[in-house]
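Whatever order the structure lists ligands and atoms in, that order sets their numbers, starting from 1.
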Amino acid sequence: MNYQWYPGHMTKAKRMMQEDIKLIDLIIELVDARIPLSSRNPDIDELGKNKFRLILLNKSDLADPGANAKWTVYFKEKGYAVLEINAKTGNGMRSIQDVVKEVCKEKIERDRKRGIVNRPVRAMVVGIPNVGKSTFINSFAKKACTKTGNKPGVTKGKQWIRLNSSLELLDTPGILWPKFEDQSVGMKLAFIGSMNDEIIIMQEMAIDLIMAIAKDYKAAIEERYQITYPDAENEKEAAIKVLTMIAEARKCYGANESLNFDKAAALFVDDFRSGRLGRITLEYPERQEK
Ligand code: G4P
(Lines give C-alpha, C1' and ligand atoms only; values in the text may rest on other atoms or scores of the structure.)
Protein backbone atom coordinates (compact mmCIF):
# COMPACT_ATOMS: atom_id res chain seq x y z
CA MET A 1 0.00 0.00 0.00
CA ASN A 2 1.09 3.53 -0.63
CA TYR A 3 1.33 5.30 2.72
CA GLN A 4 0.99 8.90 1.72
CA TRP A 5 1.25 11.95 3.87
CA TYR A 6 -0.18 15.01 2.22
CA PRO A 7 2.03 18.07 2.72
CA GLY A 8 -1.01 20.36 2.94
CA HIS A 9 -0.16 23.56 4.72
CA MET A 10 3.49 22.79 5.20
CA THR A 11 4.76 26.11 3.85
CA LYS A 12 2.47 28.06 6.15
CA ALA A 13 3.45 25.89 9.12
CA LYS A 14 7.11 26.46 8.34
CA ARG A 15 6.68 30.21 8.17
CA MET A 16 4.82 30.30 11.47
CA MET A 17 7.45 28.15 13.07
CA GLN A 18 10.23 30.45 11.89
CA GLU A 19 8.41 33.42 13.43
CA ASP A 20 7.75 31.70 16.75
CA ILE A 21 11.26 30.32 17.03
CA LYS A 22 12.61 33.87 17.05
CA LEU A 23 10.82 34.46 20.34
CA ILE A 24 12.18 31.54 22.29
CA ASP A 25 15.32 30.16 23.89
CA LEU A 26 14.42 26.50 24.06
CA ILE A 27 12.67 24.06 21.77
CA ILE A 28 10.85 21.25 23.54
CA GLU A 29 10.44 18.64 20.84
CA LEU A 30 8.01 15.80 21.39
CA VAL A 31 8.59 12.55 19.55
CA ASP A 32 6.70 9.28 19.79
CA ALA A 33 8.88 6.86 21.75
CA ARG A 34 7.70 3.94 19.60
CA ILE A 35 9.18 5.55 16.47
CA PRO A 36 11.52 8.29 17.65
CA LEU A 37 13.08 8.96 14.26
CA SER A 38 10.05 8.56 12.04
CA SER A 39 8.07 10.90 14.27
CA ARG A 40 10.69 13.65 13.98
CA ASN A 41 10.52 16.48 11.56
CA PRO A 42 13.29 16.56 8.96
CA ASP A 43 13.81 20.33 9.17
CA ILE A 44 13.69 20.98 12.89
CA ASP A 45 17.45 20.96 13.37
CA GLU A 46 17.86 23.59 10.70
CA LEU A 47 14.92 25.65 11.98
CA GLY A 48 16.13 25.38 15.54
CA LYS A 49 19.82 25.96 15.14
CA ASN A 50 21.26 28.18 17.88
CA LYS A 51 18.42 27.23 20.21
CA PHE A 52 18.61 25.04 23.27
CA ARG A 53 17.04 21.66 22.66
CA LEU A 54 15.11 19.19 24.73
CA ILE A 55 13.69 16.00 23.25
CA LEU A 56 10.83 14.34 25.08
CA LEU A 57 10.26 10.68 24.29
CA ASN A 58 6.52 10.84 24.79
CA LYS A 59 4.14 7.88 25.06
CA SER A 60 7.05 6.08 26.65
CA ASP A 61 4.44 3.97 28.46
CA LEU A 62 3.62 2.33 25.12
CA ALA A 63 7.24 1.78 24.05
CA ASP A 64 9.73 -0.90 25.04
CA PRO A 65 11.59 0.27 28.18
CA GLY A 66 14.89 -1.12 26.88
CA ALA A 67 14.46 0.79 23.63
CA ASN A 68 13.56 3.99 25.53
CA ALA A 69 16.87 3.75 27.37
CA LYS A 70 18.75 3.22 24.10
CA TRP A 71 17.06 6.19 22.45
CA THR A 72 17.86 8.36 25.43
CA VAL A 73 21.54 7.54 25.03
CA TYR A 74 21.33 8.02 21.26
CA PHE A 75 19.91 11.54 21.47
CA LYS A 76 22.14 12.54 24.37
CA GLU A 77 25.17 11.57 22.33
CA LYS A 78 23.91 13.91 19.64
CA GLY A 79 23.84 16.76 22.15
CA TYR A 80 20.17 16.98 23.07
CA ALA A 81 18.77 16.90 26.56
CA VAL A 82 16.37 13.95 26.70
CA LEU A 83 13.62 12.71 28.99
CA GLU A 84 11.18 9.82 28.78
CA ILE A 85 7.70 10.98 29.62
CA ASN A 86 4.04 10.07 29.64
CA ALA A 87 2.18 13.31 28.99
CA LYS A 88 -1.11 11.65 29.82
CA THR A 89 -0.23 10.74 33.39
CA GLY A 90 2.54 13.27 33.94
CA ASN A 91 5.07 10.52 34.54
CA GLY A 92 8.64 11.67 34.07
CA MET A 93 7.63 15.30 33.79
CA ARG A 94 8.74 16.42 37.20
CA SER A 95 12.37 16.63 36.19
CA ILE A 96 11.70 18.83 33.16
CA GLN A 97 12.25 22.09 35.00
CA ASP A 98 15.59 20.97 36.35
CA VAL A 99 16.68 19.83 32.93
CA VAL A 100 15.56 23.14 31.42
CA LYS A 101 17.60 25.02 33.99
CA GLU A 102 20.61 22.88 33.29
CA VAL A 103 20.24 23.15 29.52
CA CYS A 104 19.80 26.90 29.62
CA LYS A 105 22.52 27.60 32.18
CA GLU A 106 24.50 29.33 29.48
CA LYS A 107 21.70 31.77 28.72
CA ILE A 108 21.01 32.45 32.37
CA GLU A 109 24.71 33.16 32.90
CA ARG A 110 24.86 35.41 29.82
CA ASP A 111 21.85 37.38 31.07
CA ARG A 112 23.41 37.69 34.52
CA LYS A 113 26.59 39.17 33.08
CA ARG A 114 24.51 41.76 31.29
CA GLY A 115 22.80 42.60 34.55
CA ILE A 116 19.58 40.79 33.68
CA VAL A 117 18.46 38.58 36.47
CA ASN A 118 15.51 36.25 36.63
CA ARG A 119 14.45 36.68 33.04
CA PRO A 120 12.51 33.52 32.39
CA VAL A 121 13.61 31.01 29.81
CA ARG A 122 11.08 30.96 27.00
CA ALA A 123 10.19 27.67 25.43
CA MET A 124 7.88 26.29 22.81
CA VAL A 125 6.57 22.81 22.28
CA VAL A 126 6.87 21.35 18.80
CA GLY A 127 6.07 18.05 17.17
CA ILE A 128 4.23 16.35 14.34
CA PRO A 129 0.46 15.82 14.71
CA ASN A 130 -0.70 13.40 17.39
CA VAL A 131 2.57 13.09 19.32
CA GLY A 132 0.85 14.53 22.39
CA LYS A 133 1.64 18.25 22.26
CA SER A 134 -1.71 19.47 23.60
CA THR A 135 -1.81 16.79 26.27
CA PHE A 136 1.68 17.79 27.32
CA ILE A 137 0.98 21.52 27.43
CA ASN A 138 -2.22 20.93 29.41
CA SER A 139 -0.64 18.73 32.01
CA PHE A 140 2.54 20.78 32.20
CA ALA A 141 0.58 23.99 32.56
CA LYS A 142 -1.68 22.60 35.25
CA LYS A 143 0.84 23.78 37.77
CA ALA A 144 1.00 27.16 36.13
CA CYS A 145 -0.93 29.93 37.74
CA THR A 146 -0.75 32.70 35.18
CA LYS A 147 -1.15 33.10 31.52
CA THR A 148 0.73 36.18 30.48
CA GLY A 149 -0.81 38.21 27.73
CA ASN A 150 0.59 40.41 25.05
CA LYS A 151 3.76 41.75 26.52
CA PRO A 152 5.66 44.55 24.89
CA GLY A 153 8.15 43.17 22.45
CA VAL A 154 6.19 40.02 21.97
CA THR A 155 4.27 39.42 18.79
CA LYS A 156 0.67 40.39 19.26
CA GLY A 157 -1.62 37.58 20.22
CA LYS A 158 1.04 35.32 21.64
CA GLN A 159 0.06 33.79 24.92
CA TRP A 160 2.68 32.66 27.35
CA ILE A 161 2.10 30.29 30.18
CA ARG A 162 4.24 31.24 33.13
CA LEU A 163 5.26 28.00 34.77
CA ASN A 164 7.39 29.65 37.41
CA SER A 165 9.69 32.61 37.65
CA SER A 166 12.23 30.94 35.42
CA LEU A 167 10.20 29.31 32.65
CA GLU A 168 7.54 30.47 30.23
CA LEU A 169 5.90 28.35 27.60
CA LEU A 170 4.22 29.47 24.40
CA ASP A 171 0.67 28.21 24.79
CA THR A 172 0.23 27.07 21.20
CA PRO A 173 2.44 24.25 20.02
CA GLY A 174 4.32 24.30 16.77
CA ILE A 175 2.92 21.70 14.43
CA LEU A 176 5.62 20.10 12.36
CA TRP A 177 5.29 17.93 9.30
CA PRO A 178 6.80 14.46 9.12
CA LYS A 179 9.09 13.05 6.45
CA PHE A 180 6.11 12.42 4.25
CA GLU A 181 8.13 11.57 1.20
CA ASP A 182 9.50 8.45 2.85
CA GLN A 183 7.30 5.36 2.52
CA SER A 184 8.66 3.46 5.52
CA VAL A 185 8.17 6.55 7.67
CA GLY A 186 4.63 6.94 6.33
CA MET A 187 3.91 3.33 7.17
CA LYS A 188 5.09 3.67 10.77
CA LEU A 189 3.09 6.87 11.22
CA ALA A 190 0.04 5.00 9.99
CA PHE A 191 0.73 2.19 12.48
CA ILE A 192 0.68 4.53 15.46
CA GLY A 193 -2.43 6.30 14.18
CA SER A 194 -0.82 9.54 13.09
CA MET A 195 -2.20 9.32 9.60
CA ASN A 196 -5.82 9.59 8.67
CA ASP A 197 -7.15 6.01 8.86
CA GLU A 198 -9.70 6.85 6.20
CA ILE A 199 -7.00 6.74 3.55
CA ILE A 200 -5.63 3.46 4.88
CA ILE A 201 -6.62 -0.01 3.77
CA MET A 202 -6.93 -1.60 7.19
CA GLN A 203 -6.22 -5.20 6.17
CA GLU A 204 -3.07 -4.28 4.32
CA MET A 205 -1.85 -2.13 7.17
CA ALA A 206 -2.56 -4.87 9.71
CA ILE A 207 -0.46 -7.29 7.66
CA ASP A 208 2.39 -4.78 7.44
CA LEU A 209 2.08 -4.15 11.18
CA ILE A 210 2.12 -7.86 12.01
CA MET A 211 5.37 -8.16 10.03
CA ALA A 212 6.88 -5.15 11.78
CA ILE A 213 5.94 -6.36 15.26
CA ALA A 214 7.03 -9.94 14.52
CA LYS A 215 10.61 -8.73 13.98
CA ASP A 216 11.16 -8.35 17.71
CA TYR A 217 7.92 -9.18 19.48
CA LYS A 218 6.48 -12.43 18.04
CA ALA A 219 5.83 -13.62 21.57
CA ALA A 220 3.56 -10.65 22.23
CA ILE A 221 1.31 -11.68 19.35
CA GLU A 222 1.35 -15.33 20.41
CA GLU A 223 0.46 -14.48 23.96
CA ARG A 224 -2.29 -12.00 23.22
CA TYR A 225 -4.21 -14.26 20.84
CA GLN A 226 -3.05 -17.62 22.19
CA ILE A 227 -1.64 -18.69 18.83
CA THR A 228 1.65 -20.09 17.59
CA TYR A 229 3.32 -17.84 15.05
CA PRO A 230 3.16 -19.89 11.85
CA ASP A 231 5.90 -20.90 9.42
CA ALA A 232 5.34 -19.81 5.88
CA GLU A 233 7.16 -19.27 2.61
CA ASN A 234 7.84 -15.67 3.47
CA GLU A 235 7.11 -13.05 6.12
CA LYS A 236 4.06 -11.74 4.34
CA GLU A 237 2.47 -15.18 3.98
CA ALA A 238 3.07 -15.77 7.68
CA ALA A 239 1.48 -12.41 8.55
CA ILE A 240 -1.59 -13.22 6.44
CA LYS A 241 -1.90 -16.52 8.31
CA VAL A 242 -1.61 -14.64 11.60
CA LEU A 243 -4.45 -12.30 10.62
CA THR A 244 -6.59 -15.35 9.86
CA MET A 245 -5.69 -16.85 13.22
CA ILE A 246 -6.61 -13.59 14.96
CA ALA A 247 -9.96 -13.52 13.13
CA GLU A 248 -10.63 -17.06 14.34
CA ALA A 249 -9.39 -16.47 17.88
CA ARG A 250 -11.51 -13.34 18.25
CA LYS A 251 -14.50 -14.80 16.39
CA CYS A 252 -14.56 -12.08 13.76
CA TYR A 253 -17.31 -13.38 11.51
CA GLY A 254 -19.19 -11.68 8.73
CA ALA A 255 -22.16 -12.86 6.71
CA ASN A 256 -22.52 -16.63 6.23
CA GLU A 257 -20.15 -17.36 9.09
CA SER A 258 -17.20 -16.33 6.90
CA LEU A 259 -14.24 -14.68 8.58
CA ASN A 260 -14.30 -10.91 8.61
CA PHE A 261 -10.72 -9.81 8.03
CA ASP A 262 -11.49 -6.11 8.18
CA LYS A 263 -12.79 -6.57 11.69
CA ALA A 264 -9.75 -8.65 12.71
CA ALA A 265 -7.41 -6.08 11.17
CA ALA A 266 -9.04 -3.18 13.01
CA LEU A 267 -8.98 -5.14 16.26
CA PHE A 268 -5.29 -5.95 15.89
CA VAL A 269 -4.29 -2.39 15.02
CA ASP A 270 -6.29 -1.09 17.97
CA ASP A 271 -4.68 -3.62 20.31
CA PHE A 272 -1.28 -2.36 19.23
CA ARG A 273 -2.11 1.34 19.44
CA SER A 274 -3.62 1.08 22.88
CA GLY A 275 -0.76 -0.97 24.28
CA ARG A 276 -2.70 -4.20 24.75
CA LEU A 277 0.02 -6.10 22.92
CA GLY A 278 2.51 -4.82 25.45
CA ARG A 279 5.20 -2.20 25.17
CA ILE A 280 6.50 -2.24 21.63
CA THR A 281 9.07 -0.10 19.84
CA LEU A 282 9.23 -0.23 16.07
CA GLU A 283 12.63 1.30 15.44
CA TYR A 284 15.95 0.99 17.21
CA PRO A 285 18.94 3.32 17.12
CA GLU A 286 21.47 0.61 16.36
CA ARG A 287 19.61 -0.27 13.18
CA GLN A 288 19.85 3.34 12.06
CA GLU A 289 16.47 3.37 10.44
CA LYS A 290 15.44 6.53 8.75
P1 G4P B 1 -1.14 16.61 19.47
O2 G4P B 1 -1.56 17.83 20.24
O3 G4P B 1 0.33 16.50 19.33
O4 G4P B 1 -1.81 16.46 18.14
O5 G4P B 1 -1.57 15.32 20.32
P6 G4P B 1 -2.63 15.18 21.51
O7 G4P B 1 -2.17 15.89 22.73
O8 G4P B 1 -3.98 15.51 20.99
O9 G4P B 1 -2.53 13.62 21.82
C10 G4P B 1 -2.86 12.64 20.84
C11 G4P B 1 -3.29 11.37 21.55
O12 G4P B 1 -2.19 10.80 22.26
C13 G4P B 1 -4.38 11.55 22.59
O14 G4P B 1 -5.19 10.38 22.56
C15 G4P B 1 -3.62 11.58 23.90
O16 G4P B 1 -4.39 11.21 25.02
C17 G4P B 1 -2.56 10.55 23.61
N18 G4P B 1 -1.34 10.72 24.43
C19 G4P B 1 -0.61 11.84 24.60
N20 G4P B 1 0.45 11.60 25.38
C21 G4P B 1 0.40 10.29 25.71
C22 G4P B 1 1.26 9.43 26.48
O23 G4P B 1 2.31 9.82 27.00
N24 G4P B 1 0.87 8.13 26.57
C25 G4P B 1 -0.25 7.65 25.99
N26 G4P B 1 -0.54 6.36 26.14
N27 G4P B 1 -1.06 8.43 25.24
C28 G4P B 1 -0.74 9.73 25.12
P29 G4P B 1 -6.62 10.34 21.95
O30 G4P B 1 -6.91 8.93 21.66
O31 G4P B 1 -6.72 11.33 20.83
O32 G4P B 1 -7.49 10.87 23.10
P33 G4P B 1 -7.86 10.14 24.48
O34 G4P B 1 -8.28 8.76 24.12
O35 G4P B 1 -6.65 10.14 25.36
O36 G4P B 1 -8.95 10.99 25.00
Please list the nearest protein heavy atom to [atom] with its residue and the distance rounded to 0.1 Å.
atom	answer
atom 5 (O) of ligand 1	G132 N, 3.1 Å
atom 2 (O) of ligand 1	S134 OG, 2.6 Å
atom 20 (N) of ligand 1	N58 ND2, 3.1 Å
atom 34 (O) of ligand 1	K88 NZ, 4.3 Å
atom 18 (N) of ligand 1	K59 CE, 3.7 Å
atom 22 (C) of ligand 1	N86 OD1, 3.2 Å
atom 4 (O) of ligand 1	N130 N, 2.8 Å

Check: Out of curiosity, does M205 fall in the hydrophobic cluster containing L282 (side-chain heavy atoms, cut-off under 4.5 Å, transitive links)?
Finding: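 Cluster IDs for L282 and M205 match.
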
Taking only heavy atoms of [X] into account, list the atoms of ligand 1 that are under 4.0 Å away from them.
X	result
K133	1 (P), 2 (O), 3 (O), 4 (O), 5 (O), 7 (O)
L62	26 (N)
D61	22 (C), 23 (O), 24 (N), 25 (C), 26 (N)

Is the shortest N/O to N/O distance between [X] and ligand 1 below 3.5 Å?
X	value
F136	no
S60	no
P129	no
V131	yes

Between the side chain of [X] and the main-chain N/O of [Y], is any donor-acceptor distance below 3.5 Å?
X	Y	value
K88	D61	no
T244	I240	yes
K133	I128	yes
W71	E84	no

Next item on the list: Taking atom types as modelled, find out whether D216 and Y284 have a side-chain donor-acceptor pair closer than 3.5 angstrom.
Entry: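 Their side chains do not contain a donor-acceptor pair, so the 3.5 Å distance test is not met.
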
Note to self: Looking only at side-chain N and O atoms, does N256 offer a donor or acceptor that is under 3.5 Å from a partner on S258?
What the structure shows: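 Not at all, the side chains of S258 and N256 share no donor-acceptor pair under 3.5 Å.
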
Next item on the list: Return the option from L56, I137, I175, T135 holding the heavy atom at the smallest distance from atom 15 (C) of ligand 1.
Entry: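 Residue with the shortest heavy-atom distance to the ligand atom: T135.
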
Among all the protein's heavy atoms, is there at least one whose distance to [atom] comes out below 4.0 Å?
atom	value
atom 9 (O) of ligand 1	yes
atom 12 (O) of ligand 1	yes
atom 31 (O) of ligand 1	no
atom 24 (N) of ligand 1	yes

Next item on the list: Kindly check if the number of other-residue, nucleotide or ligand heavy atoms within 6.0 Å of CD (E223) is above 12?
Entry: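 Count not over threshold, so no.
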
Margin query: Are there over 12 heavy-atom neighbours, none belonging to E235, within less than 6.0 Å of that residue's CD?
Written below: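 No, the 6.0 Å shell around CD holds no more than 12 heavy atoms from other groups.
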
Check: Is the cationic atom of K78 (NZ for Lys, CZ for Arg) positioned less than 6.0 Å from the six-membered ring centroid of Y74 and within 45 degrees of its normal?
Finding: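 Yes - K78 lies over the ring of Y74, closer than 6.0 Å to its centre and within 45° of its axis.
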
Next item on the list: Hey, can you tell me if F75 and Y80 have their rings parallel, tilted or perpendicular (30° and 60° cut-offs)?
Entry: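 Answer is perpendicular, since the angle exceeds 60°.
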
Note to self: So that I can tick it off, tell me whether D45 and K49 are bridged by a salt bridge, with the cut-off set at under 4.0 angstrom between side-chain N and carboxylate O.
What the structure shows: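 Salt bridge: no.
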
